[in-house]
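To start, the structure itself, in structure tokens.
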Protein chains: 2
Amino acid sequence: MTSITSSSISTTKNTVTCTNCNLDKFCIPKGLDRFEVGELALLVNRNNIRQKGEAIYHAGSPFRGMIALRSGSAKLVSFGQHGNELIVDFILPGEVLGFDGLATQTYNCTAIALETVNYCHLPAHKIDELVTQKSCLNHLLLQRSCSQFDAQVERMMLNRRSAEERIASFILQISERLKQRGYSEMDFRLSMTRDEIGNHLGVAHETVSRIFHLFQSKQLIEVKSKHVKIIDKKELFNFYTTYSLNSPK
Amino acid sequence: MTSITSSSISTTKNTVTCTNCNLDKFCIPKGLDRFEVGELALLVNRNNIRQKGEAIYHAGSPFRGMIALRSGSAKLVSFGQHGNELIVDFILPGEVLGFDGLATQTYNCTAIALETVNYCHLPAHKIDELVTQKSCLNHLLLQRSCSQFDAQVERMMLNRRSAEERIASFILQISERLKQRGYSEMDFRLSMTRDEIGNHLGVAHETVSRIFHLFQSKQLIEVKSKHVKIIDKKELFNFYTTYSLNSPK
DNA sequence: CGACGCTTTGAGGAGATTCAAGACACGTGG
DNA sequence: CCACGTGTCTTGAATCTCCTCAAAGCGTCG
């Protein structure tokens, strides 16, 4: 089909760079100008593949750089001292991971593909170069890292809420994040199991199942195994903001 | 006693600077060399006082800089949309706060004194200057901010544990932090109420009370109102690492 | 000393977990 | 193409942890 020049042995699909990537608004380039993105494009390894269940990086291994998922999703897992594992976050297509290794230069978590993923990789040593050259990138990283703070507060708030509220918020959060990356916000497939959702939210997987069912019976969503369709977003939202609790004093 | 020169109207106590401050290993200067600390000393406002219950800064107000508690302690509070308030963290004497405003340049939380506090204040605009001049400070801030990530994981782990484990870990954490600043690690006074502890840990204040009592009956600690004495640190530690749970799969 | 806030202690109940068993889905090999 | 096996999901029942409500002790400060 396409003519193959000496400088390009890639297929049409593979000619995607940071400049024309549809993720550029969300990825590392966010906040950089056109020229800078061009530079960035030269530094990024594209088209890395991992199959379901394979690790993208391992906890304890040296920081190798930041990762942007071009397709597929992943989970970020932290292993406690007693074999208990905790899913710190899910990474959806178009999102960036690797922040858990930025500060210490060692990954704190293991990133595991929940389905086949295709990702870009910005190597660590190139990040250092960029950071010293472009203060904006520096600022950007600082910003992103500090936004962890907000996330933490948000999560603490969630942890005092009932299982129903947690799951309502989980569904809405996934919906919101998918929407931001241009996917359908009302109708999607969860790539993680009930067990993984439960682990992340701190509830038993049976409870996840039960509450999905409950929401369906209340006409808030339709669930069929991993497929979720949001019917009444507003009511779902009310569900987890209205019934608040544990507000001391 | 001391001769008073025109340039010094301060008492002996007030002549403490960053250079001779006993907190310098923990405070903002950490990682800076002697000369840089000297520079820093010129930028810092010292000897600010707040009484118990008074705010050091308010959520929503513009970032005014970083704060180091020279004495006294504080709580960092986040207000939810429905009047529920969440104690994100306690700040012990010698610790630094203000990270919640660093990224967005607006404080996300309100910092309230739990007892009379004396603090140093590094103004925001001077931080900017320093950051652009000294890349190490920049790195330092990034480091600190990213360590939030670890804290978040730690807290998520705690949230799947029983009330007993949470409180054991709380006591040990406070002990450890006091120790690091040179205070007694085995015998201290909690500056916060049971209510505040419970809020922070996500348990009812009655439960806090009961479990303190339980630990006392097990000869792990001695409690008398706010005063805590650790009797069997090792066993207390086992308490919250041995009985782990909820490890999925 | 009296008031107020904090802490302790008890009793009852709600929500979520755990255990157990069956249904469903998916992929593999016959 | 169907049978089979494994992993996932659902549903029920019993149990337990922790919360809520209530009331009484304790301490502190004006």
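Below, all heavy atoms of this structure are taken into account, side chains as well, without hydrogens, waters or symmetry copies. What you see is a predicted model, and the numbers here were worked out from it, not measured in a lab.
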Heavy-atom protein contacts under 4.0 Å, nucleotides 10-18 of chain D, coded B base, S sugar-phosphate only, - none: BBBB----S
Side-chain N or O of A/Lys226 closer than 4.0 Å to phosphate OP1/OP2 of D/dC9: yes
Set of side chain to side chain contact (heavy atoms under 4.5 Å, CB included) partners for B/Gln152, sequence neighbours left out: A/Gln148, A/Ala151, A/Gln152, A/Arg155
Selection residues 169-178 of chain A - residue pairs positive for salt bridge (charged side-chain N to carboxylate O under 4.0 Å, His left out), sequence neighbours left out: A/Asp89-A/Arg177, A/Glu95-A/Arg177
Rounded interatomic separation in angstrom, taking CD from A/Glu165 and P from C/dA16: 9 Å
Shortest non-hydrogen contact between A/Cys109 and A/Leu76, atoms and distance: CB-CG, 3.8 Å
Atom pair distance, as rounded to whole Å: CG in A/Leu201 and P in C/dA16: 12 Å
Rounded distance (Å) that lies between atom P of C/dT17 and atom CZ of B/Arg160: 10 Å
B/Phe215 CZ to C/dT7 P, straight-line distance once rounded to whole Å: 17 Å
Whole-Å distance separating the CG atom of A/Asp195 from the C1' atom of D/dT6: 15 Å
Rounded interatomic separation in angstrom, taking NE2 from B/His227 and C1' from C/dT8: 19 Å
Pairing residues for A/Thr116 by the side chain to side chain donor-acceptor pair (under 3.5 Å) criterion, not counting sequence neighbours: A/Gln51
Qualifying ring-ring contact (aromatic ring centres under 6.0 Å, His included) pairs with a residue from residues 50-80 of chain A, counting only residues at least two apart or across chains: A/Tyr57-A/Tyr107, A/Phe63-A/Tyr107
Residue A/Glu154 excluded, over 12 heavy atoms near CD under 6.0 Å: no
Protein-nucleotide distance (B/Met192, atom CE; C/dT7, atom P), rounded to Å: 11 Å
For A/Lys226, all residues meeting side chain to side chain contact (heavy atoms under 4.5 Å, CB included), sequence neighbours excluded: A/Arg189, A/Thr193
For atom CD of B/Glu196 and atom P of C/dC6, their distance in whole Å: 8 Å
By side chain to side chain contact (heavy atoms under 4.5 Å, CB included) - contacts of B/Ala163 (at least two apart): B/Val203, B/Thr207, B/Ile211
Bend angle of the helix from C/dC1-D/dG30 to C/dG30-D/dC1, end axes from five pairs each (to 10°): 30°
Within residues 185-213 of chain B or reaching into it, pairs that qualify as ring-ring contact (aromatic ring centres under 6.0 Å, His included) - sequence neighbours excluded: B/Phe90-B/His200
